[in-house]
2 protein chains.
Amino acid sequence: MRPPSKTPPPGQPTRRQPTVLMTAVKAGRVNQGRVLQALHDLGPLSRAELARLSGVSRATIGSIVQPLLEGGLLAEGEPQRGATPGGKPARPLWFAPDSPPLAAVHLVPGWVQAALVSADGKILANAGGPFRAAAPAATVVDCVVDRLNAVLAGSAARALGVGIAVGGIVESTSGTILACNLMPELSGLPLGPLVSERVGLPVHLDLHPRAQAMGDRWSGPGRGEQSFASIYIGEAIGAGLFLNGAIHCGPDGAGGEIGHTIVDIRGRTCRCGQRGCWETIATRDWLREEAARLRLPTAHAMTTALLAGLSAAGNADAKELFERYARNLALGVVNLQQLLAPNLFILHGDVIAGGEALRGRVERQARSHLPTRSAAEPQITFGAAHNRATLLGAAGLVLSHSFPLVG
Amino acid sequence: MRPPSKTPPPGQPTRRQPTVLMTAVKAGRVNQGRVLQALHDLGPLSRAELARLSGVSRATIGSIVQPLLEGGLLAEGEPQRGATPGGKPARPLWFAPDSPPLAAVHLVPGWVQAALVSADGKILANAGGPFRAAAPAATVVDCVVDRLNAVLAGSAARALGVGIAVGGIVESTSGTILACNLMPELSGLPLGPLVSERVGLPVHLDLHPRAQAMGDRWSGPGRGEQSFASIYIGEAIGAGLFLNGAIHCGPDGAGGEIGHTIVDIRGRTCRCGQRGCWETIATRDWLREEAARLRLPTAHAMTTALLAGLSAAGNADAKELFERYARNLALGVVNLQQLLAPNLFILHGDVIAGGEALRGRVERQARSHLPTRSAAEPQITFGAAHNRATLLGAAGLVLSHSFPLVG
DNA sequence: CTAAGTATGTACGGAAATCTAACATACCGA
DNA sequence: TCGGTATGTTAGATTTCCGTACATACTTAG
């Protein structure tokens, strides 16, 4: 084969990111990030434990964590007396209570929620407020900045940065909102740079389901996991995919539109124009329509919690619908598992109210629709309450950008 | 939030890989790998061009490529006289014609194909041979080793290693075939270590679609791309996903079973036991059944090539079926694009015979089923002939393991 | 109470990689 | 013949991790 031509094939936006090489200082930051992640995954660990875990010498760990201790992000715990039969007691390392906090913003149509989060995932302060649904972009920026300042004012230590989770299509590298169906005024808004300039902190913008997945990874059921899928099921459906230790992000922030993958090609038409999208059979809207069709009580206000109650009370129609809804939910899980095999699925949103009854049903349905393999069966879990996971994830964005895990 | 407990939650095989840190020597190998990839992506480049491309100094590039030149993998080309108006002419670097070659094996039921591949993707030698479909594992190993020795004998230089692509479920880390529907005798066979011991070379084993994707990346339509999907459509359907610069691989080599993602939940039953798998409407079997239903000529031997011909000749039924098949093929593409947005889809297998007529139809169908975005429209491409892409990919496995792109 | 034993954390020199700056090389053109 | 320009190389500085030895702190045996 002859060498390829240097001009990209026509019509194809080559989109090649420049080759980036490894450096000693980059390696140092990566190692800091990996030590931090190991701590977060496994809990407080002494230098010696970290050294054994990573196969390097205690001296190396010492030099890696030294700047983190000096920077105030980590702190030494009390010596663990009596933990070992003999020898110097270990001093566990953990995130300092007074460490520089992380600011988080969750932007949804009509509402801005801001929070201050400690490095170990405690929410220190909280401030939310509405804005007019059709407000101009400048107003929304003002609102975000105001809420941010409100939470930032409560902290003596200067925050490390700001993470913003937003529903819509986002280009995270430039911090720009490319499109947002429910807030069209924000299309094309470089929210990241604007907020960064106003509050004087680095800002990291990302899509809501991806931030949610980051929250699950950082302090939710995904903690310590190498791969999982975090799925939000509400008025719409979206997924954040954490694959092989990193959030997956397509070009221009695309991907994760699992709600519009087609599972029932001869099914009903979706608002996106296609037929048989997963969204058409897995959202609360579907549930309410079916409940109405079955003339279930309070069908127009049906929730998974109500349905679980009806089902448990012995209502046969409710029972059948509950099972059918679980199967519909399992469909998306099954397809994801076949394709990417994340093995762990963290569900958020309306479905959480369905409780263990729904979780178990979805898990059983998913497993019954998958071939048995030697590997572990896929697990279904419910995430933390919606806003909490997303805010923690937005905060996690800051940390993961400050300490990259891969050079 | 309190620190997490150190014991993993019960019932969950924690599967946490030990924290691995960056090292100077690791950084060196990673940088070698990235320089090699840049060369392969962009063609012959001088040290100065590489330095500009990666933002490091020429001196650094010099020290990175020095051992590669000494090892014989790379070689300096003739000085490019007259390329620049003034100044010392650049000496482009490229893979040496006499570089250590790579051995590749493609193992399919009843047939072993081996090849010797040069570092720049030329197939230097080729040897294939059958084995009894139900042969015991030892016989298959013998057959693989024989074919390997046949191609290795033709090269003066010692090969860098062996890559083996095999249909079935594979644990690539240990080189073991976990399961193989069509060759049940091979289940549990540690083929990698066995072959490695016999031929005295490092062996890397992986799943056929993943190897195919590697071949597309290394010297096919995926060259230089950051993300794409390589889909094989034959008697079965499988996908290799190249995401963000790396082949995606689930735990235990799972994932990529795109053929058994459900797209038509009320459709026909698949041999896997589920209903409406993509395989039930996108393989040649479906095409032949539908052709028979329409009483098309040579329906029992229908191929995409024949169908394209009938359609072009004006047969209305053929035309409709052709379009429908294209739509069915597009379905899988659409779902992948929504979920992962790879933007580039490289199709292999039976569909290639359908030519541009089929490719264009699939691309149009896929685009019409996707929302228009500011980003590039998804592109459909056909890969190289089946065996060639897989063999090149198997060879690419060796290189990508010898020069990892990430620490 | 003292000394041996053990494990943790730290200090110092060495190895390996990249970075900066300067230098030698090779070609063009006036 | 000489200046200009770009390439490739050399040498010292810097940063990081690694290996070894050492100081520290606690338990336990005598």
Undergrad: The criterion is side chain to side chain contact (heavy atoms under 4.5 Å, CB included); which residues satisfy it with Ala395(B), sequence neighbours excluded?
TA: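 Result, side chain to side chain contact (heavy atoms under 4.5 Å, CB included) vs Ala395(B): Leu102(B), Ala104(B), Val117(B).
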
Undergrad: Output the rounded distance in Å from CZ (Arg29(B)) to P (dA16(C)).
TA: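 For the pair Arg29(B) CZ and dA16(C) P, the rounded distance is 14 Å.
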
Undergrad: Can you find a side chain N or O atom of Asn31(A) that sits less than 4.0 Å from OP1 or OP2 on dT16(D)?
TA: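 Indeed not, no polar side-chain atom of Asn31(A) lies that close.
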
Undergrad: Would you mind classifying the nucleic acid contact of Arg52(A) as base, sugar-phosphate or nothing, using non-hydrogen atoms under 4.0 angstrom?
TA: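 Contact class for Arg52(A): sugar-phosphate only.
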
Undergrad: How many Å lie between CG on Leu45(B) and C1' on dG8(D), as a whole number?
TA: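 Between C1' of dG8(D) and CG of Leu45(B): 16 Å.
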
Undergrad: Round to a whole Å and report the spacing from CE of Met22(A) to P of dA16(C).
TA: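 My rounded result for the distance is 19 Å.
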
Undergrad: Pull out every residue in residues 57-70 of chain B that has a heavy atom closer than 4.0 Å to any atom of DNA chain D, ordered by number, or say none.
TA: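 Hits under 4.0 Å, by residue number: Arg58(B), Ala59(B).
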
Undergrad: Show your reasoning for whether salt bridge (Lys or Arg N to Asp or Glu O under 4.0 Å) applies to Arg34(B) and Asp41(B).
TA: CA-CA 10 Å; Arg34(B) 293 187 184 173; Asp41(B) 289 354; over 6 Å; no

Undergrad: To the nearest angstrom, how far is Glu76(A) atom CD from dT24(D) atom P?
TA: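 To the nearest whole Å, that distance equals 16 Å.
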
Undergrad: Assign the ring pair His401(A) / His204(A) to parallel, tilted or perpendicular, where the plane angle (0 to 90°) is split at 30° and 60°.
TA: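 Parallel, since the angle between the ring planes stays under 30°.
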
Undergrad: Nearest whole angstrom, please: distance from the C1' of dA15(C) to the NZ of Lys26(B).
TA: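 These atoms are roughly 16 Å apart.
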
Undergrad: Please report, rounded to the nearest Å, how far the P atom of dA7(C) is from the CG atom of Leu50(A).
TA: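 About 18 Å, once rounded to whole Å.
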
Undergrad: Treating Ser196(B) as the side-chain partner and Leu201(B) as the backbone partner, does any N or O pair qualify as donor plus acceptor under 3.5 Å?
TA: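 Yes, Ser196(B) side chain to Leu201(B) backbone: donor-acceptor pair under 3.5 Å.
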
Undergrad: Which residue, Thr23(B) or Pro92(B), contacts DNA chain D at a nucleotide closer to its 5' end, judged by nearest heavy atom?
TA: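 Checking each residue's closest nucleotide, the 5'-ward one belongs to Pro92(B).
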
Undergrad: In whole angstrom, give the distance that lies between atom CD of Glu78(B) and atom P of dA26(C).
TA: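 Rounded to whole Å, this separation is 14 Å.
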
Undergrad: If only side-chain N and O atoms count, and only distance matters, is there a donor-acceptor pair under 3.5 Å linking Ser63(A) with Thr60(A)?
TA: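 Looking only at side-chain atoms, Ser63(A) and Thr60(A) do not form any donor-acceptor pair under 3.5 Å.
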
Undergrad: Between dA17(C), dG8(D), dT10(C), which nucleotide has the shortest distance from any of its atoms to the side chain of Arg47(A)?
TA: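 Comparing dA17(C), dG8(D), dT10(C) against the side chain of Arg47(A), the answer is dT10(C).
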
Undergrad: Rounded at 0.5 Å granularity, tell me how far OG in Ser155(B) sits from CG in Leu124(B).
TA: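 Going from OG on Ser155(B) over to CG on Leu124(B), the span is 7.5 Å.
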
Undergrad: Taking only residues two or more places apart in sequence, or in another chain, which ones meet Glu76(B) in a salt bridge (Lys or Arg N to Asp or Glu O under 4.0 Å)?
TA: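 With sequence neighbours excluded, Glu76(B) shows a salt bridge (Lys or Arg N to Asp or Glu O under 4.0 Å) to Arg47(B), given in chain and number order.
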
Undergrad: Want to settle it: does Arg91(A) or Gly55(A) sit nearer the 5' end of DNA chain D, counting the closest nucleotide to each?
TA: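 Result: Gly55(A).
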
Undergrad: Among dT15(D), dT8(C), dC26(D), which nucleotide sits nearest the side chain of Ala90(A)?
TA: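 Closest of the options to the side chain of Ala90(A): dT8(C).
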
